[in-house]
Amino acid sequence: MAELDPEMLKREMTDWRRDLHAHPEFGFEEKRTAAFVAARLREFGLDDVAEGVGGTGVVGTLKRGSGNRAIALRADMDALRISEQSSAPYRSGNPGVMHACGHDGHTAMLLGAAKLLASEGGFDGTVRFIFQPAEEWGRGALAMIDDGLMQRFPFDEIFGLHNMPGLPVGHFETRAGPIMSAEDNFEIMLKGLGGHAARPHSGNETLITACALVTNLQTIVSRRLSPADIAVVSVTELITDGTRNALPGLARILGDARSFRPEVSAEIERHMRTIAEGTAAAYNVTAEVNYTREFVPLHNDAELVEATFAAAKKVFDPRNIAVAREPMTASEDFARFLDHVPGCFVFLGNGEASAPLHNSSYDFNDDGLVFGAGFHAAIARQRLGI
Ligand SMILES: [Zn+2]
Ligand SMILES: [Zn+2]
């Protein structure tokens, strides 16, 4: 076992992170990224490196001692279809695609942890390093699971992290129970009879219905769900086939709903159908609702949350470790793994000056790399203690 020079590892992780940042790839297209990850894992001398798991996913396996327990550490590799605004020398070289969510940083941190654990050990059992594709789509984790992840590379628990703009670097937060929401999408198609703008009484136009419906949908959260349930219903698009002097016969309303329990998601859908059909009937048009579930809610296991707080104390200043105040109404594909094993998802500071996630000026803060790699290694050692 060789002790790594922390400064050298930090420099190396920064180089990897910037290399990945300069070569962002969209979900399920992470070919270069996956090859980069697999090449590093092989360099570190892992026991096994499997590529092409669920499309472009990579799984590295590291065994030490004789323990039969296994834990998984997970990072996401995909970028977004956003044009980067940056003058950094390592800015995106792939026009229209950028690492605007810091998955370049998450990948570099997990590689750092793999190098650290491969070189220094300090655990008894198996660590699986899971590099998943297509997190932003909410499809990558399922693709790996459908490709036999749990059978081919079994593990008992899983841990993951996300950087958090606004939270100072070196700060750590998580909470037991619900921490990130489900995401549902909806599309409501209104169909009537368009016609001359000067003769509204001779048709059944759909724009006035759409306006009423957008307003009525606001009553799902404010008047139909329990105030104790956190939920969001956002209408994000309204498209019609109307023109300057013609009333639309078609109107399409699209939007996004968030919640933390499947029962609440089901209630939102049920009320949405009732309100859409009722509003349409009042205006003598028809409504068709298409409601889909994209992300499931993420619930942290209470016992593992305590374990991550204990592990975090080895890496973070105890004054910078906190219980997250409230669940976030953003969603995470990591939740799919928790249908199979218990796990915990945590947040690490990306700095108070950081641009928001999914913003064209966002950049992962390299000062956070050592904290992420350190946390991954610490939780592995804590759960697979010698
Ligand atoms: Zn994202
Ligand atoms: Zn993300």
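Keep in mind it's a predicted model, so treat the numbers as computed, not measured. Whatever order the structure lists them in is the order used to number ligands and atoms, beginning at 1. Reckoned from all heavy atoms, side chains included, excluding hydrogens, waters and symmetry mates.
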Do other residues, nucleotides or ligands put more than 12 heavy atoms under 6.0 Å from the CD atom of E187? yes
Salt bridge or not between R293 and E183? Use side-chain N to carboxylate O under 4.0 Å. no
Tell me whether E136 has at least one N, O or S atom under 2.8 Å from the Zn ion (ligand 1). yes
Of all the atoms in H106, is at least one N, O or S atom closer to the Zn ion (ligand 2) than 2.8 Å? no
For N/O/S atoms only: which one belongs to H162 and is nearest the Zn ion (ligand 2)? NE2
Evaluate whether atom CG of N245 has more than 12 neighbouring non-hydrogen atoms of other residues, nucleotides or ligands under 6.0 angstrom away. yes
N, O or S of H358 under 2.8 Å from the Zn ion (ligand 1): yes
Looking at CD of E306 and CG of N300, how far apart are the two atoms once the value is rounded to the nearest 0.5 Å? 11.0 Å
Opening angle at the Zn ion (ligand 2) [SG, C101; NE2, H103; to 10 degrees]: 100°
Using a cut-off of 6.0 Å, state whether more than 12 heavy atoms not belonging to E303 lie near its atom CD. no
